[in-house]
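Structure record follows, encoded as structure tokens.
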Amino acid sequence: MDSQLKKGLVEYSVLATLRHGDSYGYQIIKDSPALLGLTQSTLYPILKRLETDGRVSTYSQTHNGRERKYYHVTEQGKQSITQFLADWEQLETIHAYIQRSEQNEEE
């Protein structure tokens with residue numbers, strides 16, 4: 001899969017994971033589809049970008065005597081997912097066109 005396409009899908013997958021409830025880094029990795037191959041080195045820059053964009057907010061909470069940073073999808077993040085899904089419909093139309101073109105070439 002193209003790395004730029006995958007990068008965008010990872011962002012929206014992280015937002016979708018957070019729609020199920022606030023979470024912290026390690027749990028987000030566990031809850032994300034394995035196919036994404038999400039690691040800490042890819043997750044934290046994405047979370048920072050989502051926070052900078054206003055699509056995610058953070059707060060800290062003590063867990064077993066240690067501070068843990070939690071991430072929360074904001075209303076802007078939810079709207080971003082809605083827009084992504086609308087854009088995806090257009091991508092499906094383009095995909096169908098490309099697929100038909102490939103099939104016509106084979107005939």
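Everything numeric here is computed off the predicted structure, so don't read it as measured data. Hydrogens, waters and symmetry mates are skipped; everything else that's a heavy atom, side chains included, is used.
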Can you find a heavy atom in the side chain of L15 that is under 4.5 Å from one in the side chain of R19? no
In Å and rounded to the nearest 0.5 Å, what is the OG to CG distance from S80 to L50? 8.0 Å
Just checking Q61: does its CD atom have more than 12 heavy atoms from other residues, nucleotides or ligands closer to it than 6.0 angstrom? yes
Please report the interatomic distance CH2(W88) to NE2(H95), rounded to the nearest 0.5 Å. 9.0 Å
Nearest 0.5 Å, please: how far is NZ in K78 from OG1 in T82? 10.0 Å
Tell me the closest heavy-atom pair linking V73 and L18, and the distance in Å. CG1-O, 3.8 Å
With hydrophobic residues grouped by side-chain heavy-atom distances under 4.5 Å, do L38 and Y24 end up in a single group? no
Only one of L47, L43, T17 passes side chain to side chain contact (heavy atoms under 4.5 Å, CB included) with Y71; say which it is. L47
So, taking the atom named OG in S23 and the one named NZ in K69, what distance separates them when rounded to the nearest 0.5 Å? 13.5 Å
Got a second to check how far Y12's OH is from I46's CD1, nearest 0.5 Å? 12.0 Å
Quick one: name the residues clustered hydrophobically with I94, using the 4.5 Å side-chain heavy-atom rule over I, L, V, M, F, W, Y, and just say none if it's on its own. Y97, I98
Quick check: is V10 connected to Y26 through a chain of hydrophobic side chains (ILVMFWY, heavy atoms under 4.5 Å apart)? no
Modelled atom types, side-chain donor and acceptor of R55 and T74, under 3.5 Å: no
Any side-chain donor paired with an acceptor under 3.5 Å for E51 and T58? yes
Does any non-hydrogen side-chain atom of V14 lie less than 4.5 Å from one of V56? no
Please report the closest heavy-atom contact between T42 and P45, naming both atoms and the distance. O-CD, 3.5 Å
Given I29 and T39, is the side-chain contact (heavy atoms from CB on, under 4.5 Å) satisfied, shown in steps? CA-CA 7 Å; I29 291 170; T39 64; 5.6 Å; no
Give every residue pair that meets the ring pair (Phe, Tyr, Trp, His ring centres under 6.0 Å) criterion with at least one member in residues 38-69, sequence neighbours excluded. Y59-Y70
If I take atom OG from residue S13 and atom CG from residue L35, how far apart are they, to the nearest 0.5 angstrom? 9.0 Å
